[in-house]
Peer 1: 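Handing you this structure, nothing more for now.
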Amino acid sequence: MVATSCPQFSGLRRSSPIFHNARSQSFLQHINSQLRLSSSRKPCRSVVAMAGSGKFFVGGNWKCNGTIDSITKLVSDLNSAKFENDVDVVVSPPFVYLDMVSSSLTDRIEVSAQNSWIGKGGAFTGEISVEQLKDIGCKWVILGHSERRHIIGEDDQFIGKKAAYALNEGLGVIACIDVVPSWDNIVIAYEPVWAIGTGKVASKTRIIYGGSVNGSNCAELAKQADIDGFLVGGASLKGPEFATIVNSVTSKKVAA
């Protein structure tokens, strides 16, 4: 998330043609081809950039996993876990369990959706609006995840419009960047339009890492000066391990 007033937000990756280029192959063919590709090559890792309070940030993306029973157990584990105070903790359940998790999870942990629609609700079958997410207590939404890009075919323009709408409506955005095979020669320049020429600076921007973070490697990763937290996948489905990742902030303190 970069600001709450950036309607010009244009996305974070070279566009995919699926929404804006009239190709002869069908949407289903596109999905099938992407699934074949994803199973035959090592997936790209994700890096997530957002703005917030400046604290360490750990998000758990549950993706398309869970049942009422398993999520009830997971929520119970999270509610009883001991988290370091100076960490923002967010979990992102599947849509059908958002209300259940939001109403039963401790206030210590905020809830995020995994996606949202490009604008206000209406005749958009299968979509979820920002207004609906806020209505059930969501504070965040994940946008631009590599799985949304590669499998569903969302492109920069589409994701950018989603992010701008969510931000303007007061929802925090976890904006994902992917595809780049090596970051060795890349410098990220964040130039918020609202700040240019004003003397104001964005001192709370955080960059968090999202590539196979788990309880075994989180402490070492947390020590890195340019990692301000994590977006966790599979390990976020295990309460005790997720707590270990959240509490890896102590390694950050030692390294500092």
Side-chain angles (χ1 to χ4, degrees), residues 1-4 46-66 71 74-116 128 130 132-148 162-163 166-167 169-177 204-215 218 221-222 227-249 252:
M1 183 175 74
V2 294
T4 57
S46 299
V47 173
V48 185
M50 70 192 74
S53 66
K55 293 192 299 184
F56 204 69
F57 183 105
V58 177
N61 182 8
W62 298 357
K63 304 188 179 184
C64 188
N65 293 296
I71 288 179
L74 178 54
V75 168
S76 176
D77 289 343
L78 293 174
N79 284 344
S80 62
K82 302 297 182 183
F83 296 121
E84 291 289 318
N85 291 327
D86 50 352
V87 185
D88 286 336
V89 185
V90 178
V91 296
S92 185
F95 279 132
V96 293
Y97 302 116
L98 273 173
D99 194 30
M100 167 188 164
V101 172
S102 181
S103 62
S104 59
L105 196 63
T106 174
D107 291 341
R108 175 66 182 86
I109 304 173
E110 294 184 329
V111 177
S112 169
Q114 297 178 17
N115 188 34
S116 65
I128 307 294
V130 168
Q132 290 170 325
L133 295 176
K134 291 172 62 179
D135 191 41
I136 61 170
C138 279
K139 301 294 181 63
W140 298 85
V141 61
I142 298 173
L143 296 174
H145 194 281
S146 59
E147 291 155 7
R148 297 293 305 178
K162 285 184 176 186
L167 290 168
E169 294 301 312
L171 200 62
V173 173
I174 302 171
C176 299
I177 306 171
K204 296 179 180 178
T205 300
R206 291 175 283 186
I207 297 179
I208 69 175
Y209 178 71
S212 298
V213 181
N214 57 50
C218 60
L221 287 169
I227 291 180
D228 301 317
F230 306 112
L231 182 63
V232 186
S236 68
L237 298 171
K238 305 169 185 176
E241 184 171 9
F242 186 65
T244 296
I245 296 170
V246 170
N247 293 332
S248 67
V249 68
K252 171 72 73 178

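These figures come from a predicted structure and were not determined experimentally. Heavy-atom basis, side chains included; hydrogens, waters and symmetry copies ignored.
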Peer 1: Who pairs with S248 by side-chain contact (heavy atoms from CB on, under 4.5 Å), at least two apart in sequence or on another chain?
Peer 2: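 Testing S248 for side-chain contact (heavy atoms from CB on, under 4.5 Å), a comparison that skips the adjacent residues, returns F56, C218, A222, F230.
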Peer 1: Is there a side-chain contact between L78 and I109 (heavy atoms, below 4.5 Å)?
Peer 2: yes
Peer 1: Taking salt bridge (charged side-chain N to carboxylate O under 4.0 Å, His left out) as the test, write out the residues that go with K63, two or more places apart.
Peer 2: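 Partners of K63 by the salt bridge (charged side-chain N to carboxylate O under 4.0 Å, His left out) criterion, ordered by chain and then number, come out as E147.
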Peer 1: For T244, is there any backbone N or O sitting under 3.5 Å from a side-chain donor or acceptor partner on N247?
Peer 2: no
Peer 1: Would you sort out whether N214 and E241 count as a side-chain contact (heavy atoms from CB on, under 4.5 Å), showing the intermediate values?
Peer 2: CA-CA 7 Å; N214 57 50; E241 184 171 9; 3.3 Å; yes
Peer 1: Can you find a heavy atom in the side chain of E84 that is under 4.5 Å from one in the side chain of V246?
Peer 2: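 No, too far: nothing below the 4.5 Å cut-off.
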Peer 1: Under the side-chain contact (heavy atoms from CB on, under 4.5 Å) rule, collect the residues that match up with I128, sequence neighbours excluded.
Peer 2: F95, Q132, L133
Peer 1: With A81, which residues qualify under side-chain contact (heavy atoms from CB on, under 4.5 Å), at least two apart?
Peer 2: F83, A243
Peer 1: Please determine whether side-chain contact (heavy atoms from CB on, under 4.5 Å) holds for the pair F57 and L231, giving the CA-CA distance in whole Å, both sets of side-chain angles, and the decisive distance to 0.1 Å.
Peer 2: CA-CA 8 Å; F57 183 105; L231 182 63; 5.7 Å; no
Peer 1: Report the distance from atom CG of D88 to atom CD1 of I208, rounding to the nearest 0.5 Å.
Peer 2: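 Between atom CG of D88 and atom CD1 of I208 there are 10.0 Å.
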Peer 1: Strictly by side chain to side chain donor-acceptor pair (under 3.5 Å), give each pair with a member in residues 102-116 just once, sequence neighbours left out.
Peer 2: E110-W140, N115-K162
Peer 1: Working note: V232 + V58, criterion side-chain contact (heavy atoms from CB on, under 4.5 Å); need CA distance, chi angles, decisive distance, verdict.
Peer 2: CA-CA 7 Å; V232 186; V58 177; 4.1 Å; yes
Peer 1: Should the pair D228-K55 be classified as a salt bridge under the 4.0 Å nitrogen-to-oxygen rule?
Peer 2: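 Looking at D228 and K55, the cut-off is not met.
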Peer 1: Once you round to the nearest 0.5 Å, how far does CG of D135 lie from CG of L98?
Peer 2: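 Answer rounded to 0.5 Å: 12.0 Å.
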Peer 1: Mind checking what makes salt bridge (charged side-chain N to carboxylate O under 4.0 Å, His left out) contact with D99, not counting sequence neighbours?
Peer 2: none
Peer 1: Nearest 0.5 angstrom please: I207 CD1 to I177 CD1, how far?
Peer 2: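 The distance works out to 7.5 Å.
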Peer 1: Could you tell me if the side chain of V90 sits less than 4.5 Å from the side chain of K139, heavy atoms only?
Peer 2: no
